[in-house]
Amino acid sequence: MKFDLLFYARPAIELAPDLIGKIIVRRIRQKVFRARIVETEAYVGSHDLACHASKGRTNRTEVMFGPAGRAYVYLIYGVYDMFNIVASEIDDPQAVLIRAAEPLDGWSADLAGPGKLTRGLLITRAQNGVILTNDRLHIVDDPADRRQVVATPRIGIDYAREWKHELLRFVDPTSNALSSKKGLTGAALR
DNA sequence: GCGTCGATGGCA
DNA sequence: GCCATCGACGCG
C-alpha cells in the first residue's frame, strides 16, 4: 500500500529506520521498477551540522523547509544526484537520505550507494520537490518484510564535528547491497 | 584488499 | 573552496 503524507510527517530519526525494508516504486514510461531500501541516513534539522539546512534557508534547501513527503534532490560533486525524503513539518528542515536499495522482481541494477541509486532509478533534480504520493515515484509497505536495523555513524560528513559520531545511519546488516560496511561488526558481517 | 586521487558543477 | 560520491589506479 502506498504511504500517504502522514507517514512522512514525523522526526527523521524515526522515519529513517522505519524506511528500511520498505519499497521504492519507480515508473518509467509504463514500466514499473521496485527496489527494497536497505540503507538510510537521518538529517535532523538546522542544529545538525551535517544537514544542508544548518547553513540557512536557501534556494537549494527550500524544499526541506516545506511539508513532509516531498523529494529533496540535489547535485553533489558536480556528478551525482542525491535522493532524500523530507520529514517532520513545515519550517523544521529534516530529511532522510536514501543511500542504497536492492532491486526486486528479477530486475538487476547496482543501487548500492546514493549516487548509484539515483542513477539506477533515473531520479534527478527534475524530481526535486515532487510529492511522493504520485504514481511515478513513491514508497510502499512490505508487511511480510523481516527487517533488521542497525545504527551507525553517517558516511562522508567528517566536517560535521560532534555530529559525525551520531548514530544516524540505518542499515539492514543482512543486505549485500550496502554502500559500505562501516560500523558493522562481528556477526553482522557474516 | 586496501589507500589515494581526480572528475565535475552548483553553491555560498 | 568546498562538498551527504564513485571508480580507477597503484601497491606488492
Side-chain angles (χ1 to χ4, degrees), chain A residues 8 11-20 24 35 37-66 68 70-88 92-103 108-130 132 137 139 149-172 175-186 188-190:
Chain A
Y8 303 102
I13 197 169
E14 289 178 25
L15 180 60
D18 202 24
L19 281 168
I20 301 297
I24 304 175
I37 298 172
V38 297
E39 178 175 345
T40 62
E41 281 177 0
Y43 290 83
V44 301
S46 312
H47 58 298
D48 173 3
L49 293 182
C51 184
H52 289 165
S54 68
K55 300 218 167 50
R57 187 168 183 155
T58 67
N59 280 340
R60 179 172 69 159
T61 60
E62 186 61 27
V63 183
M64 268 200 285
F65 287 83
R70 296 181 188 242
Y72 167 45
V73 187
Y74 68 92
L75 182 72
I76 189 68
Y77 300 115
V79 181
Y80 303 101
D81 289 298
M82 301 280 108
F83 173 45
N84 300 252
I85 298 176
V86 177
S88 194
D92 181 21
Q94 302 196 24
V96 176
L97 172 65
I98 310 299
R99 289 188 56 89
E102 299 170 345
S108 99
D110 182 0
L111 308 177
K116 293 192 277 192
L117 182 140
T118 54
R119 179 173 290 177
L121 292 170
L122 297 185
I123 296 171
T124 72
R125 281 163 290 162
Q127 277 71 50
N128 189 41
V130 303
L132 293 173
L137 178 61
I139 311 288
V149 182
V150 167
T152 82
R154 292 172 290 183
I155 305 288
I157 54 147
D158 286 351
Y159 62 87
R161 317 209 317 164
E162 70 271 21
W163 284 92
K164 82 182 215 184
H165 306 296
E166 294 289 318
L167 302 178
L168 293 172
R169 170 174 173 252
F170 303 92
V171 304
D172 176 345
S175 175
N176 291 314
L178 301 180
S179 71
S180 150
K181 291 181 179 175
K182 271 198 192 109
L184 301 185
T185 55
L189 285 179
R190 276 186 259 254

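Every chain is numbered from 1 and lettered A, B, ... according to where its sequence line falls, protein lines coming before strand lines. Worth saying up front: this structure is predicted, and the values here are computed from it rather than measured.
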query = According to a strict under-4.0 Å criterion, is A:Lys55 in side-chain N/O contact with OP1 or OP2 of C:dC2?
reply = no
message = Does C:dT5 have OP1 or OP2 under 4.0 Å away from a side-chain N or O of A:Arg119?
response = no
request  = State the pairing partner of B:dT8; accept Watson-Crick or G-U wobble contacts with both distances under 3.5 Å, and report none otherwise.
outcome  = none
key: Partner nucleotide, any strand, of C:dA4 [Watson-Crick/G-U, under 3.5 Å]   = none
task = Give a yes or no on whether the backbone of A:Pro11 and the side-chain of A:Gln94 come within a donor-acceptor separation of less than 3.5 Å.
result = no
So what does [X] touch, heavy atoms closer than 4.0 Å: a base, only the sugar-phosphate, or nothing?
{"X": "A:Ser179", "value": "nothing"}
{"X": "A:Leu97", "value": "base"}
{"X": "A:Arg125", "value": "sugar-phosphate"}

Please state how far atom [atom1] in [X] lies from atom [atom2] in [N], giving the value in whole angstrom units.
{"X": "A:Lys182", "N": "B:dG3", "atom1": "NZ", "atom2": "C1'", "value": "12 Å"}
{"X": "A:Glu62", "N": "B:dA12", "atom1": "CD", "atom2": "P", "value": "11 Å"}
{"X": "A:Arg60", "N": "C:dC2", "atom1": "CZ", "atom2": "C1'", "value": "10 Å"}
{"X": "A:Leu49", "N": "C:dC2", "atom1": "CG", "atom2": "C1'", "value": "15 Å"}
{"X": "A:Asn59", "N": "B:dC11", "atom1": "CG", "atom2": "C1'", "value": "10 Å"}
{"X": "A:Leu117", "N": "C:dC6", "atom1": "CG", "atom2": "C1'", "value": "14 Å"}
{"X": "A:Asp81", "N": "C:dT5", "atom1": "CG", "atom2": "C1'", "value": "12 Å"}
{"X": "A:Asn84", "N": "C:dT5", "atom1": "CG", "atom2": "C1'", "value": "14 Å"}

Of the nucleotides [options], which one has an atom closest to the side chain of [X]?
{"X": "A:Lys116", "options": "C:dG7, C:dA4, B:dT8", "result": "C:dG7"}
{"X": "A:Tyr77", "options": "C:dC3, C:dA4, B:dA12", "result": "C:dC3"}
{"X": "A:Leu75", "options": "C:dT5, B:dG9, C:dC6", "result": "B:dG9"}

key: Cation-pi, A:Phe170 ring and A:Arg99 (6.0 angstrom, 45 degrees)   = no
ask   = For residues A:Glu102 and A:Ser175, is any side-chain donor paired with an opposing acceptor at under 3.5 Å?
value = yes
Whether over 12 other heavy atoms sit under 6.0 Å from A:Leu178 CG = yes
query = Expressed in whole Å, how much space separates the C1' atoms belonging to B:dG10 and C:dG7?
reply = 22 Å
remark   = Ranking A:Ile155 and A:Asp110 by the position along DNA chain C of their nearest nucleotide, the one closer to 5' is A:Ile155
ask   = Which heavy atom of A:Asn128 sits nearest a heavy atom of A:Tyr72, and at what distance?
value = OD1-CA, 3.4 Å
